[in-house]
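Let me begin by presenting the structure, written as structure tokens, before commenting on it.
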Amino acid sequence: MSTSSHLYPMSSGDDQHSYIHNSSYQKVAISGAEEKTRRCILEKLDLQLSSDFSTFRIADFGCSTGPNTFHVVQSIIDTVKSRHFKENNEHSLVPLEFQVFFNDHTTNDFNTLFKTQPPSSEREYFSVGVPGSFYGRVLPRNSIHIGHTSYTTHWLSKAPEHVCDKKSIAWNKNYIQCNNLLEEVTKAYKVQFIEDMDAFLDARGEELVPGGLMTIIGECLPDGVSLYETWQGFVMDTIGDCLMDMAKSGITSEEKIDVFSLPVYFPQFSELKGEIERNGSFTIELMETTSHPLEGMALTNEFITSTFRAFLTTIIEKHFGDGVVDELFDRLAKKLYKHPIDFEMRKKLVVYYIVLKRK
Ligand SMILES: C[S@@+](CC[C@H](N)C(=O)[O-])C[C@H]1O[C@@H](n2cnc3c(N)ncnc32)[C@H](O)[C@@H]1O
């Protein structure tokens, strides 16, 4: 079975292992980029927010279950309101109305998302759930004024088929991710990434109104750095080692590991920029990188294990079956305890923040 991302949302519900309680790493990065993206929106939003402007529509693509999406949406609303206030005479101001479209896979836990959104007395927007893959159209043409996506596009639509094919030269032997150690594997992932990013930008290009903005936040490799050199790549390779140990103990099988490769790809910065330019649906208004705000700190093994668990549980359970996840992350915690990550020595992924304007 090759590993497609269509069915693998983050951990649902609100228990200790859920995405809701294990997404602070992403939240901190999003907050770190907030001021710059806010200023860029204020400056670059090319829409006439006149007093008869009716409904301002915002979409978050790959919103998961919260709470990060609510924070992002509120920040965009506050920014747009302040632009609206500036552009209109205070006395003739008719308040803007906001509609927010929350998109994610059909299998995302939308119940938890809507149960945990701010109460209606505090919420300044009308909410809509939009199930479906953001690698295709999920909203009507020319309907969105500001789109946002964070920590999403490293999930490919599927793992490239050849990397799960034992007969192919691009077979990802011994690894469960594209860590850039095998050239043919990296090439196959790169092709899939380009295809997916193109599909993402084409779809958003149709859904956003001309002059509308799209903010994108995520992590990429600095140019010249390979994933296996980073601490995140090391953790993923260690998870692969734990699976191999579990196969040796008969808890899973080597055959299953051989055909498992995550549909996840971290591009280098210039690769990502080149792809946005090549696609051509948007102009780049802002595209910068910064180190992750927690980068200087030695993250605890418990924090790392819980963060990766919330991100990977669904796909691991789907491929390896129920009852593997507890054992796997228990083993990961023990391995990290035995071989602690040297954060100083390891290279790092960087956080990128991008503001695009629809041509
Ligand atoms: C790490 S979470 C990020 C959630 C949220 N944006 C944040 O910043 O906390 C990645 C989300 O992207 C969603 N996702 C991945 N691929 C997707 C696709 N093709 N279409 C829609 N959602 C997708 C996943 O289901 C998951 O909820």
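Indexing begins at 1, ligand by ligand and atom by atom, following the structure's order. Nothing here was measured: the structure is a model prediction, and the numbers come from that model.
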Phe234 pairs by side-chain contact (heavy atoms from CB on, under 4.5 Å) with which of Thr230, Asp237, Thr238?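 Going through the options one by one, the only one that passes is Thr238.
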Of Leu312, Thr314, Asp330, Thr313, which meets side-chain contact (heavy atoms from CB on, under 4.5 Å) against Val325?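 Only one option passes, and that is Thr313.
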Give the numbers and elements of all ligand 1 atoms closer than 4.0 Å to a heavy atom of [X].
X	answer
Gly132	20 (N), 21 (C)
Tyr151	1 (C), 2 (S), 3 (C), 10 (C)
Tyr135	19 (N)
Ser64	4 (C), 27 (O)
Ser150	3 (C), 5 (C), 6 (N), 7 (C), 8 (O)

Tell me whether ligand 1 is touched by Ile30 - counting only heavy atoms on the residue side and a distance under 4.0 Å. yes
At a 4.0 Å cut-off, with the gap strictly under it, does some heavy atom of Phe311 reach an atom of ligand 1?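 Checking ligand 1 against Phe311, which is what was asked, there is no heavy-atom contact under 4.0 Å.
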Mind checking whether Asn103 contacts ligand 1 via backbone (N, CA, C, O), side chain (CB onward), both or neither, at a 4.0 Å heavy-atom cut-off?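 It is the side chain that touches ligand 1; the backbone stays farther off.
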Any heavy atom of Asn68 under 4.0 Å from ligand 1? The part involved is side chain
[X] with [Y]: basic N within carboxylate O range, under 4.0 Å:
X	Y	answer
Lys44	Glu285	yes
Asp78	Arg38	no
Lys273	Glu277	yes

Are Phe260 and Phe320 near enough that their ring centres are under 6.0 Å apart? yes
Just going by heavy-atom distances, which of Ser133, Ser157, Gly218, Gly62 is nearest to atom 5 (C) of ligand 1?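 Result: the heavy atom closest to atom 5 (C) of ligand 1 is in Gly62.
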Could you tell me how the ring of Phe311 sits relative to the ring of Phe308: parallel (under 30°), tilted (30 to 60°) or perpendicular (over 60°)?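 Answer is perpendicular, since the angle exceeds 60°.
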With only distance considered, is Asp104 within less than 3.5 Å of ligand 1 through an N or O on each side?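 The answer is yes, given that Asp104 and ligand 1 share an N or O pair closer than 3.5 Å.
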Both conditions, 6.0 Å and 45 degrees, for the charged tip of Arg204 above the ring of Phe61: are they met here?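 Arg204 over Phe61 ring: yes.
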